[in-house]
Amino acid sequence: MNEPAVGLAPLLRAERLAKIYPDGNVQALRGVSLEVAERESVAIVGPSGCGKSTLLHILGGLDRPTEGEVYFRDEPLSRIDRDLYRARQVGFVFQSFHLLPTLSAVENVQVPMFESSWGHRARAQRASRLIDEVGLSHRRDHLPTRLSVGERQRVAIARALANDPCLLLADEPTGNLDSVTQGEIMALLDDLSRRNGLTLVLITHSQEVAAAADRVIRMRDGRILGD
């Protein structure tokens with residue numbers, strides 16, 4: 001099993017994950033097992049089509065394995081309400097941002113909070129604080145079309161933190177960014193993760209991004225090659 005550093009309790013544990021897509025009979029994962037510790041940052045690297053995104057989606061409860069199981073704090077995801085798991089425990093950051101074009105930056109950050117019991121004032125206050133934390137206080141009322149790609153990713157990161165998750169999953173978070181902005185976004189992710197005690201799992205093709213993580217997991221052909 002691909003294990004975290006000694007002495008750290010696992011937040012996530014995957015056992016013998018397999019994923020087969022009937023359309024085209026594609027086997028995306030082939031017996032993947034790994035552990036990710038509390039407050040650890042892990043980079044998953046490998047060529048396109050090796051199963052990285054499929055693995056991330058299964059860890060985040062967006063997809064289900066054909067075989068195997070994922071455990072969150074020793075509870076199998078198959079026995080957990082996946083909607084609540086995604087809403088309360090997991091924050092997602094995607095390469096393409098997925099911001100709503102008709103909402104301002106601060107309004108986009110509030111979207112995940114509509115599933116919570118917070119009232120309007122509490123949502124607005126938390127969104128405003130998160131926008132400040134990602135360095136966009138001067139752009140809080142701008143629509144996504146008026147933001148640079150780096151600023152859009154900052155909004156997406158703030159939105160991922162909206163419901164105070166313990167796990168942050170990032171799929172190529174710097175894939176659309178130039179090298180300077182890539183460094184800024186990774187520094188921001190690292191800082192926010194450590195200050196908030198988050199566990200970070202990210203997919204990347206960038207060796208520089210991967211090198212910033214506590215641990216690197218390499219994949220090929222649906223399998224883990226090793227740290």
Side-chain angles (χ1 to χ4, degrees), residues 2-14 34-45 52-53 55-62 70 72-73 85-99 105 108-109 112-113 126-137 149-177 179-218 227:
N2 214 278
E3 297 180 350
V6 174
L8 297 176
L11 178 75
L12 284 174
R13 187 173 83 255
L34 59 84
E35 290 186 356
V36 180
E38 293 265 10
R39 302 190 179 193
E40 184 182 24
S41 63
V42 175
I44 302 174
V45 302
K52 303 186 302 297
S53 292
L55 175 58
L56 199 75
H57 292 170
I58 290 175
L59 294 177
L62 293 172
V70 174
F72 174 76
R73 291 179 172 151
Y85 170 68
R86 291 192 300 267
R88 297 178 180 177
Q89 307 294 352
V90 186
F92 295 95
V93 180
F94 300 101
Q95 179 177 352
S96 299
F97 320 130
H98 297 317
L99 301 179
N108 263 284
V109 175
M113 301 183 211
R126 178 161 178 77
S128 181
R129 184 166 65 253
L130 288 168
I131 283 290
D132 291 346
E133 286 188 17
V134 300
L136 287 181
S137 57
V149 290
E151 289 171 336
R152 291 178 211 170
Q153 192 60 292
R154 287 175 181 266
V155 174
I157 291 169
R159 182 188 57 193
L161 300 176
N163 287 340
D164 196 22
C166 63
L167 173 63
L168 193 61
L169 301 179
D171 193 348
E172 292 285 359
T174 64
N176 287 329
L177 308 178
S179 59
V180 173
T181 309
Q182 170 183 285
E184 294 173 351
I185 291 299
M186 284 310 303
L188 176 63
L189 278 172
D190 181 68
D191 178 59
L192 290 172
S193 296
R194 298 188 188 281
R195 279 198 285 124
N196 292 283
L198 300 176
T199 299
L200 173 63
V201 181
L202 64 90
I203 288 172
T204 183
H205 282 95
S206 167
Q207 294 301 317
E208 291 85 358
V209 170
D214 298 329
R215 185 161 55 107
V216 178
I217 293 174
R218 303 184 186 282
D227 290 19

Any donor-acceptor pair under 3.5 Å linking the side chain of [X] with the backbone of [Y]?
X	Y	value
Arg126	Ala162	yes
Gln182	Asn176	no
Arg215	Glu40	no
Asn163	Pro112	yes
Arg154	Val134	yes
Glu172	His205	yes

Considering only NZ, NE, NH1 and NH2 on the basic side and carboxylate oxygens on the acidic side, decide whether Arg39 and Asp214 come within less than 4.0 Å.
no
Taking side chain as C-beta onward, heavy atoms only, is [X] less than 4.5 Å from [Y]?
X	Y	result
Val42	Leu34	no
Met186	Glu208	no
Arg73	Cys166	yes

Minimum heavy-atom separation for [X] to [Y], with atom names?
X	Y	answer
Ala160	Leu168	CB-CD1, 3.7 Å
Leu62	Phe92	CD1-CE2, 3.6 Å
Ile203	Pro173	O-CD, 3.5 Å
Ile157	Ile185	CD1-CG2, 3.9 Å

How long is the span from the CD1 atom in Ile44 to the NZ atom in Lys52, to the nearest 0.5 Å?
9.0 Å
What distance do Gln89 atom CD and Leu167 atom CG have between them, rounded to the nearest 0.5 Å?
8.5 Å
